[in-house]
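Heavy atoms only: backbone and side chains are in, while hydrogens, waters and symmetry mates are out. In what follows, every chain begins at residue 1, and chains take the letters A, B, ... in the order their sequences are listed.
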Amino acid sequence: MINKIVASVAEALDGIRDGATVLIGGFGSVGQPDVLIEGLIEQGAKDLVAVLNNAGVGRVGVARLMELGRVRKIICSFPRSSDPVVFETLYREGRIELEIVPQGTLAERIRAAGAGIPAFYTATAAGTLLEQGKEAREFDGKRYVMERALRGDVALVEAWEADRWGNLVYRGSGANFNPVMAMGADLTIAQVQHIRELGELHPHMIMTPGVYVNRVVQVDRGGDWLKPEAA
Amino acid sequence: MINKIVASVAEALDGIRDGATVLIGGFGSVGQPDVLIEGLIEQGAKDLVAVLNNAGVGRVGVARLMELGRVRKIICSFPRSSDPVVFETLYREGRIELEIVPQGTLAERIRAAGAGIPAFYTATAAGTLLEQGKEAREFDGKRYVMERALRGDVALVEAWEADRWGNLVYRGSGANFNPVMAMGADLTIAQVQHIRELGELHPHMIMTPGVYVNRVVQVDRGGDWLKPEAA
Amino acid sequence: MPFTRDQMAARLGADVPEGWCVNLGIGIPTMVANHVQGKEVIFQSENGVIGMGPAPAKGAEDPWLINAGKQLITLAKGASFVGHADSFAMIRGGHIDLCVLGAFEVAENGDLANWATSENDTAPAVGGAMDLAAGAKRLWVIMEHTTKDGRPKLVERCGYPLTGLACVRRVYTNLAVIDVLPEKGFVLVDLAPGVTLDEVRAKSGAAIHTN
Amino acid sequence: MPFTRDQMAARLGADVPEGWCVNLGIGIPTMVANHVQGKEVIFQSENGVIGMGPAPAKGAEDPWLINAGKQLITLAKGASFVGHADSFAMIRGGHIDLCVLGAFEVAENGDLANWATSENDTAPAVGGAMDLAAGAKRLWVIMEHTTKDGRPKLVERCGYPLTGLACVRRVYTNLAVIDVLPEKGFVLVDLAPGVTLDEVRAKSGAAIHTN
């Protein structure tokens with residue numbers, strides 16, 4: 001029987017190595033695999049490359065991971081946040097590398113990794129500072145930048161519901177980076193609110209097929225602590 | 001008020017010009033915009049480039065359009081079918097151009113057009129006959145082919161349900177080429193079984209947002225002539 | 001009297017036709033959503049929401065529904081969700097009719113600078129601005145006509161790092177509405193009530209043409 | 001006695017471990033679905049079906065559910081649907097554990113020819129074969145050991161146009177199961193009951209090694 005559900009966060013994160021590139025889903029507070037990030041702090045892997053949209057808020061979650069010196073490099077579109085104290089301190093002191101990537105290019109580079117595309121061209125960033133160090137090329141008279149696929153060793157994602165095949169259903173705006181990161185890593189680990197019986201999830205509601213998911217851990221916040229949007 | 005629903009097939013197809021590149025959704029008999037294809041036969045546009053998976057079956061639909069001499073070129077992955085008589089005759093007589101594209105490359109080239117990507121690299125067809133005439137390049141020691149975006153002037157698609165924004169919900173395996181073609185053309189026309197009130201379609205069930213759809217025409221086959229799959 | 005920010009948003013909103021799919025940047029651009037007066041406009045957000053409704057009533061917030069500015073939102077009827085890759089495919093593929101952004105500078109050749117300033121020693125944050133600048137069908141900028149210390153933001157060439165090249169089509173400021181036309185540069189469309197063309201010219205760093 | 005086609009499919013099916021995501025080509029490969037004996041295997045189809053079940057019972061067919069061979073199918077519990085771009089992203093991105101295809105020829109360097117023959121004057125039809133050959137984690141071929149007129153299909157170098165280079169990992173024929181190993185070439189795994197290594201060698205166009 002296929003059963004991707006594991007019993008604990010520790011089991012879900014087992015084997016993440018020093019130096020790993022870790023894709024972290026979520027946008028703002030929505031769809032963030034917060035318990036997996038806390039687990040990663042416990043787990044101990046260091047020298048990590050973190051790929052996510054923001055560079056952490058306050059001193060919790062990813063910011064805490066950075067503060068502990070466990071993140072060598074961050075690849076993101078928007079290092080600023082409402083409270084970017086940890087990142088900005090580390091960055092000023094030269095203790096963390098930063099690669100700024102336009103948000104859409106970030107998503108597309110991860111998709112490319114998941115879809116077997118080593119490189120693609122985009123008009124985004126053409127002629128700007130973020131073109132530097134990249135090949136540029138004209139197609140039909142317009143300038144484009146060549147962007148390379150960005151693959152994760154691990155992806156940490158969040159979803160509302162899952163089944164034992166690892167199929168994921170998102171809630172509200174909770175999909176965001178999660179589906180594309182799920183397909184762009186060698187090991188995809190999902191934190192979910194609800195486990196459903198196989199067959200309970202509607203085939204057309206599943207945005208991430210279980211094929212992309214290796215491990216699922218349920219984070220029980222006590223039932224429907226948030227009500228799903230009306231059907 | 002946004003209302004993409006038009007009253008007739010003729011109105012839906014209005015303005016398709018001679019020489020147009022027409023993307024045609026469907027895989028096998030499922031998800032095929034058959035009534036729109038019949039309408040295109042009536043409509044009269046000629047010198048067309050047809051982009052679809054197969055090259056038509058028997059003497060109806062796309063095969064009929066070809067038989068009438070209205071298709072200059074076909075871009076597809078699989079020109080054979082259970083009854084490919086029209087295409088094979090035209091092809092042998094040199095009266096139709098053929099561009100064979102691997103099925104995944106076909107889908108990805110159309111997606112690229114819809115996603116603002118002028119070109120991408122893929123391992124598919126590297127080192128084969130279908131690499132001929134294309135740039136090849138190594139990334140990390142592996143050979144890839146550069147493929148260009150494939151854009152349609154028009155896309156003809158089929159869906160199970162739509163609303164007046166043009167949001168589309170597919171049934172069963174009826175999505176196939178339809179969502180990607182809907183995003184890859186300047187004018188996307190959808191044939192649907194059912195029109196729903198705005199808000200009736202579940203936000204997570206909509207595979208093609210109405211942003212990609214210009215016109216919707218309902219083809220009334222008399223209610224639920226086929227029952228939708230169980231929810 | 002120059003426009004207030006709300007009036008600037010209203011002035012822009014009046015120019016948005018029914019049926020457009022519109023992406024609004026953070027700040028003044030977001031205020032445009034309140035000023036499309038009965039027209040059905042589809043508001044898209046980079047985080048995969050297509051069809052945002054008005055801000056939620058107090059007590060009716062759904063914490064799982066936010067926009068790209070991380071504000072709580074509601075869904076309009078007809079809304080749908082996609083993931084980030086699909087959301088930016090929509091943006092970068094030219095399917096957004098209009099994007100409204102703020103700016104540090106707009107140049108008369110349409111160049112936009114809105115993501116990084118040379119004075120800034122912290123890491124610059126680009127977010128989705130470059131994708132929107134490169135991909136949207138049209139880009140309108142809404143901004144104060146000058147910086148807080150009175151320097152012009154409409155300029156001959158941008159001094160700050162560019163977000164996109166030749167992408168701005170129109171600028172809405174507290175003083176005026178100005179088209180950015182290829183070959184021609186800045187062309188006045190409209191003045192705020194009581195504002196003179198001379199004042200606009202005095203506060204601009206490039207020529208303001210009239211038709 | 002050589003394997004029947006059904007026995008070939010069963011022999012291959014016995015080697016598929018539980019939990020793999022498997023794409024089956026048209027023809028003999030499709031028969032493998034009936035031979036995974038109680039193991040939970042996820043059958044993927046290029047047209048966007050992930051998790052096919054057994055063939056439908058008579059009268060219970062849903063005409064909207066077909067596979068890449070255009071046969072009517074059912075869904076397994078846990079099934080999901082994606083469109084073609086996403087389906088081939090899955091295939092081309094290396095997420096399919098196993099693809100099973102038929103072949104005209106397999107070469108000892110792993111090259112596969114299964115889409116076009118030089119004799120064929122009609123347009124060759126590639127379908128998804130090149131995508132699967134380039135993208136699946138592993139590719140196994142299932143085919144008769146020789147052509148109808150007795151020519152070997154296991155060869156030193158393919159004569160027909162290639163589908164993919166160095167992509168075949170294993171071949172299941174009516175006579176034997178043969179690994180295709182880098183550097184080594186064809187290495188015998190298993191013989192059909194009553195078939196000798198000499199017979200396999202006699203009917204092959206390239207060296208068949210043993211471990």
Residue part contacting chain A, namely of D:Val49, when any heavy atom lies under 4.5 Å: neither

side-chain contact (heavy atoms from CB on, under 4.5 Å) partner of A:Ile24, the single match among A:Ile37, A:Leu36, A:Asp34: A:Ile37

Side-chain ion pair, A:Arg151 and A:Asp186, N-O less than 4.0 Å: yes

Indicate yes or no for a side-chain donor-acceptor contact from D:Asn174 to the backbone of D:His145 under 3.5 Å, with no hydrogens or angles considered. yes

Anything in residues 90-114 of chain D with a heavy-atom distance to chain A below 4.5 Å? Please list those residues in order. D:Met90, D:Arg92, D:Gly93, D:His95

Basic-acidic side-chain contact under 4.0 Å: D:Glu144, D:Lys153: no

Has A:Arg137 got more than 12 heavy atoms of other residues, nucleotides or ligands less than 6.0 Å from its CZ? yes

Charged N to carboxylate O below 4.0 Å: is that the case for A:Glu135 and A:Arg148? no

For the residue pair A:Thr208 and A:Tyr170, confirm or rule out a side-chain donor-acceptor distance under 3.5 Å. yes

Counting heavy-atom pairs under 4.5 Å to chain D, which of A:Ala112, A:Ala115, A:Gly166, A:Gly116 comes out on top? A:Ala115

At a 4.5 Å cut-off on heavy atoms, which part of D:Ala76 comes close to chain A: side chain, backbone, both, or neither? side chain

Single hit among D:Val177, D:Val195, D:Asp179 for side-chain contact (heavy atoms from CB on, under 4.5 Å) with D:Asp190: D:Val177

Looking only at heavy atoms and a cut-off of under 4.5 Å, which of D:Ala85, D:Ala79, D:Gly78 has the most pairs with chain A? D:Gly78

